[in-house]
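Count residues from 1 along the sequence. Both backbone and side-chain heavy atoms feed into the values below; hydrogens, waters and symmetry mates do not.
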Amino acid sequence: MAAQVDGKIKPGRASLIGGIAVGIAVFVLWVALARDLGAVRAWPVVAGLVVASGIAAWVRIADL
């Protein structure tokens, strides 16, 4: 019979690194697109940071 694991499942380091990498990539693409569209104010960058953080968190949580 298989040994039972006691406790919680530990989150993998790969999901953390993957979430951070995806978040950075989304933010870089967002800023590049905002620059190409001629956005000169700070709000598109802040919106990109919020979206990138949300996607990074989603990737991290979904990968657990």
Side-chain angles (χ1 to χ4, degrees):
M1 198 176 242
Q4 291 182 346
V5 177
D6 187 31
K8 299 178 186 177
I9 298 173
K10 294 183 180 179
R13 188 173 187 168
S15 66
L16 175 64
I17 294 170
I20 291 171
V22 168
I24 290 171
V26 168
F27 181 69
V28 167
L29 291 173
W30 186 286
V31 170
L33 182 61
R35 184 188 308 176
D36 283 349
L37 294 175
V40 293
R41 297 186 182 180
W43 72 266
V45 175
V46 173
L49 188 60
V50 170
V51 169
S53 298
I55 291 174
W58 178 71
V59 167
R60 168 77 168 123
I61 293 168
D63 204 21
L64 292 178

> State, with a plain yes or no, whether a side-chain heavy atom of V51 is found less than 4.5 Å away from one of F27.
no

> Quick one: do V31 and L49 end up in the same hydrophobic cluster if we chain Ile, Leu, Val, Met, Phe, Trp and Tyr together by side-chain heavy atoms under 4.5 Å apart?
yes

> Linking I/L/V/M/F/W/Y whenever their side-chain heavy atoms sit closer than 4.5 Å, directly or via other members, would W58 and V22 fall into one cluster?
yes

> If you compare all heavy atoms of W30 against all heavy atoms of P44, which two are closest, and at what distance to 0.1 Å?
NE1-O, 2.8 Å

> Looking at G23 and A56, what are the two nearest heavy atoms and their distance?
CA-CB, 3.8 Å

